[in-house]
Asks: 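Please see the structure below; I have some questions.
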Number of protein chains: 2
Amino acid sequence: MQVIFEKTGLKPGSIYLAFGNKEGLFKESLNYYAQQSISKATSLMEGADSIGESICLILAGFVDDAFQKDYCSCFLVKSQLELSGTPDLQAHAIGHLRDIEGVYAHFLEREYSTEEAKIKATSLMMHIFGIRVYGYHQTTKAQMLASLKLGLPWLPWDTLPQVALLESVQ
Amino acid sequence: MQVIFEKTGLKPGSIYLAFGNKEGLFKESLNYYAQQSISKATSLMEGADSIGESICLILAGFVDDAFQKDYCSCFLVKSQLELSGTPDLQAHAIGHLRDIEGVYAHFLEREYSTEEAKIKATSLMMHIFGIRVYGYHQTTKAQMLASLKLGLPWLPWDTLPQVALLESVQ
DNA sequence: AATTTAGTTGAATGATTGTTCAAATTTTGC
DNA sequence: GCAAAATTTGAACAATCATTCAACTAAATT
């Protein structure tokens with residue numbers, strides 16, 4: 001809260017009037033972040049010819065994130081892990097992550113059976129979580145991408161415009 | 001610290017004499033947890049005929065963990081993500097995780113080239129991180145295992161004694 | 001048994017935390 | 001232009017936090 005007072009320049013009273021308490025502000029932030037994430041992914045997959053290709057682009061973007069300075073993983077993932085002591089908020093974060101998995105599963109159903117789409121979405125989420133944690137290790141983009149190709153061999157990595165991947169190689 | 005005073009029954013002075021300060025205690029805990037993790041994995045792979053099979057067993061164990069009550073993911077993973085504000089401790093956690101990746105890479109070199117072993121170890125770590133995060137979502141063991149099979153197809157899932165996997169299916 | 005070392009106690013300290021509220025200010029609706 | 005509603009302010013409060021320390025007890029050494 002103290003950091004937020006500083007960064008926003010607002011006084012405690014204003015923020016407490018708007019959000020009630022710390023948990024309220026946190027929950028609202030989680031909602032905003034989740035909505036933002038979902039609409040970003042959705043709009044990328046909606047307009048694409050190939051779901052697979054847009055997923056590759058999304059993943060390449062996550063890899064890029066990891067090499068930005070002040071990388072801070074993913075708000076939802078971090079919250080889910082940190083909030084063991086606050087089951088209410090943790091459930092909120094988990095719910096959003098499951099929604100995101102649902103979005104991927106939904107779009108994958110265009111190209112696979114319901115069963116296949118579901119299991120592929122889970123594998124996808126595992127890799128996303130993997131990137132979000134492994135990102136801090138600061139190895140190389142090439143290594144992370146190679147590992148993604150190995151773990152997600154059903155994605156059309158090679159039909160991607162090479163620039164998209166090359167520009168991801170530091 | 002307060003919780004530790006309660007749970008151990010020790011008074012502040014005793015703990016501060018032994019560990020210096022909160023960071024010291026935390027660092028020592030990370031070291032202990034990491035050493036424990038590494039020796040558990042190492043001893044499993046050392047005595048095994050097939051590295052692949054022992055890795056499958058390790059992963060199945062991680063999946064089991066996720067369905068234990070009071071599941072709390074992995075101390076190193078959680079610490080790495082939480083300690084953005086304490087670069088010193090975060091680097092410590094990251095170092096341990098990279099050590100663990102090194103152990104897997106080392107054993108995989110028995111069956112693959114150095115290059116192959118390295119990239120497979122990275123993919124393995126991504127899946128482990130994935131399990132550690134996804135574990136909170138409480139779907140089903142079957143779904144998590146199926147997703148692991150999909151993402152790690154180079155592991156000998158089918159040569160595993162069926163009991164080991166069956167007993168993992170809730 | 002005497003002396004040094006190691007470990008524990010219990011209370012206290014100062015800093016930081018989340019939170020509240022009456023008064024002042026700005027914005028809105030008529 | 002005015003009254004009502006909405007926001008902001010600034011100072012304060014109470015709780016919690018990590019940490020310290022002199023006094024006390026137990027263990028080890030000679």
Side-chain angles (χ1 to χ4, degrees), chain A residues 1-37 39 69-97 132-133 136, chain B residues 1-37 39 69-97 132-133 136:
Chain A
M1 299 304 286
Q2 250 67 29
V3 171
I4 287 167
F5 302 150
E6 284 172 27
K7 302 282 181 186
T8 62
L10 292 166
K11 308 291 162 182
S14 302
I15 290 174
Y16 274 85
L17 181 75
F19 297 99
N21 57 17
K22 191 173 66 156
E23 280 206 16
L25 170 55
F26 204 96
K27 198 174 283 186
E28 210 60 50
S29 307
L30 285 175
N31 290 345
Y32 178 77
Y33 183 94
Q35 177 204 314
Q36 208 79 350
S37 301
S39 57
K69 71 161 186 251
D70 294 328
Y71 171 62
C72 53
S73 189
C74 163
F75 186 33
L76 287 170
V77 170
K78 293 185 72 171
S79 299
Q80 192 214 287
L81 288 185
E82 285 195 35
L83 296 172
S84 298
T86 318
D88 177 41
L89 283 179
Q90 188 183 38
H92 215 76
I94 292 174
H96 283 311
L97 287 171
R132 255 64 223 259
V133 177
Y136 279 107
Chain B
M1 299 303 285
Q2 251 68 30
V3 171
I4 288 167
F5 303 149
E6 283 173 27
K7 302 282 179 185
T8 62
L10 292 165
K11 307 291 163 181
S14 302
I15 289 174
Y16 274 84
L17 182 76
F19 296 99
N21 56 17
K22 190 173 64 157
E23 281 206 15
L25 170 56
F26 204 97
K27 199 174 282 185
E28 211 61 49
S29 307
L30 285 176
N31 290 346
Y32 178 77
Y33 183 93
Q35 178 205 313
Q36 208 79 351
S37 301
S39 58
K69 72 160 185 256
D70 294 329
Y71 171 62
C72 53
S73 189
C74 162
F75 186 33
L76 288 170
V77 170
K78 293 185 71 171
S79 299
Q80 191 214 287
L81 288 184
E82 283 195 36
L83 296 172
S84 297
T86 318
D88 178 41
L89 282 179
Q90 188 183 38
H92 216 74
I94 292 174
H96 283 311
L97 287 171
R132 253 65 222 258
V133 177
Y136 280 107

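Note that this is a predicted model, so its numbers are computed, not measured. A, B, ... follow the sequence lines: proteins, then strands. Residue 1 opens every chain.
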Asks: For the backbone of A/Ala91 and the side chain of B/Tyr136, can you confirm whether one donor and one acceptor N or O come within less than 3.5 Å of each other?
Replies: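 No; zero donor-acceptor contacts below 3.5 Å.
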Asks: Roughly how many Å is it from CZ in A/Phe5 to P in C/dT20, rounded to a whole number?
Replies: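 Rounded to the whole Å, the gap is 11 Å.
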Asks: Should B/Lys11 be listed as having a side-chain N or O under 4.0 Å from OP1 or OP2 of C/dT8?
Replies: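 Checking C/dT8 against B/Lys11, no side-chain N or O comes under 4.0 Å of OP1 or OP2.
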Asks: Return no unless some side-chain N or O of A/Gln2 is found under 4.0 Å from OP1 or OP2 of C/dT16.
Replies: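 No, outside the criterion.
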Asks: When you match A/Met1 and A/Gly13 each to their closest nucleotide on DNA chain C, which lands nearer the 5' end?
Replies: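 On the 5' side of the pair lies A/Met1.
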Asks: B/Phe19 near the nucleic acid: base, sugar-phosphate alone, or nothing, with a heavy-atom cut-off under 4.0 Å?
Replies: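 No contact at all - B/Phe19 keeps every heavy atom at 4.0 Å or more from the nucleic acid.
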Asks: Starting at the 5' end of DNA chain D and moving along, which residue's nearest nucleotide shows up first, A/Pro12 or A/Leu17?
Replies: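 Residue closer to the 5' terminus by nearest nucleotide: A/Leu17.
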Asks: Does a side-chain N or O of A/Tyr16 approach OP1 or OP2 of C/dT20 to a distance below 4.0 Å, or not?
Replies: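 So the side-chain polar atoms of A/Tyr16 never come under 4.0 Å of the phosphate oxygens OP1 or OP2 of C/dT20.
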Asks: For B/Tyr32, does the OH atom have more than 12 heavy-atom neighbours from other residues, nucleotides or ligands under 6.0 Å away?
Replies: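 For B/Tyr32, atom OH is not crowded (no more than 12 foreign heavy atoms under 6.0 Å).
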Asks: Is the ring pair A/Tyr33/A/Phe75 parallel, tilted or perpendicular, if the boundaries are 30 and 60 degrees?
Replies: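 A/Tyr33 and A/Phe75: perpendicular rings.
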Asks: What's the CD1-P distance between B/Ile15 and C/dG7, to the nearest Å?
Replies: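 B/Ile15 atom CD1 is separated from C/dG7 atom P by 14 Å.
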Asks: Would a distance-only check, ignoring hydrogens and angles, find a side-chain to backbone donor-acceptor pair under 3.5 Å from A/Gln80 to A/Gln90?
Replies: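 No; zero donor-acceptor contacts below 3.5 Å.
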Asks: Rounding to a whole Å, what distance do you find between B/Leu25:CG and D/dA18:C1'?
Replies: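 Value for this atom pair: 12 Å.
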Asks: What is the distance, to the nearest angstrom, from the CD atom on A/Glu6 to the C1' atom on C/dT16?
Replies: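 Rounded to whole Å, this separation is 12 Å.
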Asks: Out of D/dT7, C/dG7, C/dT9, which has the shortest distance to the side chain of B/Leu10?
Replies: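 Of the candidates, C/dT9 comes closest.
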Asks: Take the protein atom NZ of B/Lys22 and the nucleotide atom C1' of D/dT19, then report the distance between them rounded to whole Å.
Replies: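 Roughly 11 Å, once rounded to whole Å.
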